[in-house]
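Each remark here refers to the structure printed beneath this line.
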Amino acid sequence: MVLEYPCLLITDDDRDLRETLQEVFQPLGFRTILAANGAEAVEIVRREPVHLALLDLHMPKLSGLEAIRRVKELQSRLPCILMSAALDEDIKEEAKRAQVFSVHAKPISFRDITSVVNDAMWQTYQWS
């Protein structure tokens, strides 16, 4: 699959982080869509072509994990990356069961997040 402008969904209740990540990924060739909570993210995936979802764990309305479970029902192949400032083994195990591509502790460096997004895009779509 050739992706000229892959779509990255950035979901976090922290507006500054969403916008900062958008500024990081747009120059790398991504079309970005921002969501403030998990429910909004699910609705976006329902109506937009999304190639990768980046989600925070702790958000209002739907947690990142619950949003991922619902998104996977709509688009099972969609790679999802989960971020959280409060990770423990239970969350990591739940993420594994939800088929999360990878889980990362916040704060995460821009270098690390771009690297994992690029890995997910390559493994899923052979996009680089």
Side-chain angles (χ1 to χ4, degrees):
M1 173 185 287
V2 175
L3 300 175
E4 192 170 333
Y5 295 104
C7 181
L8 173 61
L9 173 60
I10 300 167
T11 307
D12 199 301
D13 56 336
D14 179 341
R15 184 180 55 148
D16 290 341
L17 180 59
R18 284 193 313 267
E19 291 174 356
T20 299
L21 288 171
Q22 182 177 43
E23 290 170 11
V24 168
F25 285 103
Q26 280 183 331
L28 299 176
F30 288 90
R31 182 172 73 87
T32 56
I33 300 175
L34 305 182
N37 60 62
E40 197 177 319
V42 172
E43 202 46 50
I44 288 167
V45 170
R46 205 181 302 272
R47 63 175 203 267
E48 298 271 342
V50 173
H51 299 100
L52 188 140
L54 186 58
L55 300 101
D56 183 30
L57 175 61
H58 298 289
M59 294 184 290
K61 298 189 183 180
L62 277 182
S63 73
L65 269 172
E66 185 57 36
I68 288 169
R69 285 187 197 99
R70 292 186 187 185
V71 160
K72 291 285 193 175
E73 290 172 7
L74 299 168
Q75 198 175 328
S76 62
R77 192 169 171 231
L78 182 71
C80 297
I81 297 167
L82 185 67
M83 304 177 299
S84 178
L87 282 180
D88 61 30
E89 288 308 311
D90 290 340
I91 291 169
K92 289 178 183 178
E93 193 55 42
E94 254 190 274
K96 188 176 183 181
R97 284 193 301 271
Q99 299 176 336
V100 171
F101 181 82
S102 62
V103 179
H104 299 274
K106 283 175 154 182
I108 184 169
S109 73
F110 295 141
R111 184 179 59 104
D112 289 346
I113 195 66
T114 55
S115 176
V116 74
V117 164
N118 286 332
D119 287 349
M121 292 300 294
W122 175 253
Q123 288 183 39
T124 308
Y125 310 104
Q126 287 70 54
W127 185 86
S128 58

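Since the structure is predicted, the reported quantities are computational estimates derived from the model, not experimental observations.
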Side-chain ion pair, [X] and [Y], N-O less than 4.0 Å:
{"X": "K92", "Y": "E89", "result": "yes"}
{"X": "E73", "Y": "R69", "result": "no"}
{"X": "R46", "Y": "E43", "result": "yes"}
{"X": "K106", "Y": "D12", "result": "yes"}

Do [X] and [Y] come close enough that some side-chain heavy atom pair is under 4.5 Å?
{"X": "P79", "Y": "Q123", "result": "no"}
{"X": "L52", "Y": "Y125", "result": "no"}
{"X": "R31", "Y": "E48", "result": "yes"}
{"X": "I113", "Y": "L21", "result": "yes"}
{"X": "N118", "Y": "W127", "result": "yes"}
{"X": "V103", "Y": "L57", "result": "no"}
{"X": "I10", "Y": "L34", "result": "yes"}

Answer with yes or no whether the hydrophobic clustering places [X] together with [Y]; edges join I, L, V, M, F, W, Y residues whose side-chain heavy atoms lie under 4.5 Å apart.
{"X": "V100", "Y": "L8", "answer": "no"}
{"X": "F110", "Y": "L82", "answer": "no"}
{"X": "L62", "Y": "I68", "answer": "no"}
{"X": "W122", "Y": "V116", "answer": "no"}
{"X": "I33", "Y": "L28", "answer": "yes"}

query: Between the side chain of Q75 and the main-chain N/O of V50, is any donor-acceptor distance below 3.5 Å?
result: yes
- prompt: If only atom types and distance count, is the side chain of T124 paired as donor or acceptor with the main-chain N or O of M121 below 3.5 Å?
  reply: no
State, to 0.1 Å, how close [X] and [Y] come at their nearest heavy-atom pair, and which atoms those are.
{"X": "A67", "Y": "L55", "answer": "CB-CD2, 3.8 Å"}
{"X": "K61", "Y": "A39", "answer": "CB-CB, 4.1 Å"}
{"X": "M59", "Y": "G38", "answer": "CE-N, 3.6 Å"}
{"X": "V117", "Y": "F30", "answer": "CG1-CZ, 3.6 Å"}
{"X": "H104", "Y": "L87", "answer": "C-CD1, 3.6 Å"}
{"X": "L9", "Y": "A35", "answer": "CD1-CB, 4.1 Å"}

Any chance you could measure [X], atom [atom1], to [Y], atom [atom2], to the nearest 0.5 Å?
{"X": "M83", "Y": "D112", "atom1": "CE", "atom2": "CG", "result": "12.5 Å"}
{"X": "D14", "Y": "T20", "atom1": "CG", "atom2": "OG1", "result": "8.0 Å"}
{"X": "H51", "Y": "R77", "atom1": "NE2", "atom2": "CZ", "result": "9.5 Å"}
{"X": "E23", "Y": "T32", "atom1": "CD", "atom2": "OG1", "result": "9.5 Å"}

Exceeds 12 heavy-atom contacts within 6.0 angstrom, atom CZ of R15: no
